[in-house]
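The chains referred to below are lettered A, B, ... by the order of the sequence lines, with proteins before strands, and numbering in each begins at 1. Note that the structure is a prediction, hence the values are computed from the model and not measured.
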Amino acid sequence: MLNEKVAKILNSIADYLEMEDDFFRVKAYRQAAHSVEVLTTDIETIHQEGELIKLPGIGQHIAGKIEEIIEKGTADFYEKLKEKYPVNFEELRGVEGLGPKTIKLLYQELGVKNLDDLEREAKRHHIRRLKGMGDKKEKALLENIEFARKFKKRSLLGEVLPLAREVKKKIEKLSLADRVEVAGSIRRYKETVGDIDILVITSHPQEVMDYFVSLDLVGEIIVQGPAKSTVRLMGGVECDIRVFDEEVFGAALMYFTGSQELNVEMRKIAISRGMKLSEYGLFKKEDRLAGKTEREIFQALKMDYIPPELRENRGEVEASRRGDLPSLIELKDIRGDVHLHSKWSDGKTGLEEMVEGARKQGYEYLAFTEHTGSLKIANGLDEEKLMQQAREIDHLNDELDDISILKGAEVNIDLDGGLDIKDEVLQEMDVVIAAMHSGLNQGYFDLTRRIVNAMENENVDIIAHPTGRKLQKRKESEVNLNQIFEVAQQTGTLLEVNSNPLRLDLRDMNVKRALEHGCKLVINTDAHSPDQLNNIHLGVGTARRGWAQKKDVVNTLPLKGFLKALKN
DNA sequence: GCCGTTTTCGGCCCGACTGTTTTCAGTCG
């Protein structure tokens, strides 16, 4: 799949063009990049069929660039821009307050190409002498370089969401706010998060702001005003808080939930109906038609309500206008977690503690799926041990009447695509998960073949964390997902949405692609301790971002139905 | 550079804040 590469180059071109004055050309390239990014089909296929220019925002010109990228791996135009501006744009953009115009100025006047150059020139006080710059700007840049170095990455949703909820709770406890909501990419359940956005309705803005900036979670105050304050929390994440009137809160919530791309679409729709949409409401001339709730704004624009997880401008606007949005799976639909570990392999607690954790989630069933033989590092179980655990589970089940424990294993797919547990033993298991834990750097064909081999084994019910990625650590392995989805559909193998905050694998877009291939999913936590069972909402959020409905996810079924949905 | 149930040319999302400015450019969300 070249989709990602094509989108990246188109976005880079837009970055470079931002330094020039043709603002609308920048927009065109960004729109084209977005179109490619959200594709669920292979861009090469679309190119072969001559359908590139049918994609939104892609015309003759950009289609030509894409063709070049597919055929040569790059585009001349892009190479020329790189020569013209040999700067590390991405790195410099990471510095707060440094935009394309300033980057261009700094490069042309002082030869600044990267953070080190920037720091040197700021320390020499060369920057304050430039047009439009001053001592304050120079000082701010110097301070922000440090943060750009330390926290250049976005944070993981799984880490930031609890922080956001804590801030929300504290403000609610103060009892001066009528409503507190977390907005932004957290509300959309995006896998990584830039900052925390909190919106408040209050008649005591000053007191709320004073309280907010004095929280012990706060490391540094960046901006403090009556309507908006920004702080940096301990650990480096920025947190914004904004005050709105009740009458416009829905509009504000919609606006600050984003995404940016969706906001743009929504405003265009408003304009096409002779209205104007902003964070202060939906207006016709001076009259506010809607704004109190998100729902009334959608309604006034003759659209169905779009759940936050879908707000990425990936086709949800059209679906909403057609009345064709999916009815997304919800957290409460999950009836069991079937990828769990205990002390038997590399988990932290015994079986009983995990069962108690699953009970707290309100589940009907759970499955222990320990690592197996060849995965020595995780204390993998051999056939004998697996059967021993199975007998212990039988005993436990005899004592329980409110929840069922399933016997399982997470078998390792070896370098040849074989499994490390014999079929006779796998047949005894209720749930067999197969996963790759080594050799992830092998070539494309080998990795794909390993997974396909595993799926063709009739004992294998689930492929766990199919791409093996770890957020910000290891990228998706180079597998042919189209082929994997096809075989999964044909063999009835379930694909996992793993809820581990570092994995979220399949990720949102791949969930959507899998569903378009007719695959079925299972959402698991892969918990190694009872508290990790709570991560399930991250998997559900990811599945929702991939347009998954209850019927697509088999562990929403009651036990009998679930077992029936497995192979055999 | 793209696009068209008002358009093949003239548009292209909106508002706030900051720092540099005497009316605005750049950045951010």
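Under the stacking definition used here (centres under 5.5 Å, planes under 30°), the residue A:Phe24 fails to qualify as stacked on the base of B:dC2.
Ion pair A:Arg120/A:Asp117 flagged as a salt bridge, since at least one NZ, NE, NH1 or NH2 atom sits closer than 4.0 Å to an Asp/Glu carboxylate oxygen. Under 4.0 Å is where a charged nitrogen must lie from a carboxylate oxygen, and between A:Arg30 and A:Glu18 at least one such pair does.
Counting only heavy atoms from C-beta on, A:Ile62 has its side chain closest to B:dG1 among B:dA16, B:dG1, B:dC14.
If you take atom P in B:dG1 and the same atom in B:dT5, they sit 23 Å apart, rounded to whole Å. Separating the C1' atom of B:dT23 from that of B:dT18 is a span of 15 Å, rounded to the nearest Å. Taking atom C1' in both B:dT7 and B:dC3, one finds a spacing of 9 Å when rounded to whole Å.
A close approach under 4.0 Å does not occur between any side-chain nitrogen or oxygen of A:Arg267 and OP1 or OP2 of B:dC13. Distances shorter than 4.0 Å separate none of the side-chain N or O atoms of A:Arg128 from OP1 or OP2 on B:dG19. A close approach under 4.0 Å does occur between a side-chain nitrogen or oxygen of A:Thr102 and OP1 or OP2 of B:dT27.
One atom, CD of A:Glu20, and another, P of B:dG1, lie 11 Å apart when rounded to the nearest Å.
Across A:Arg188 and A:Thr257, no two heavy atoms sit closer than the pair NH1-O, 2.6 Å.
Remark: aromatic rings of A:Phe298 and A:Tyr305 are close, center separation under 6.0 Å.
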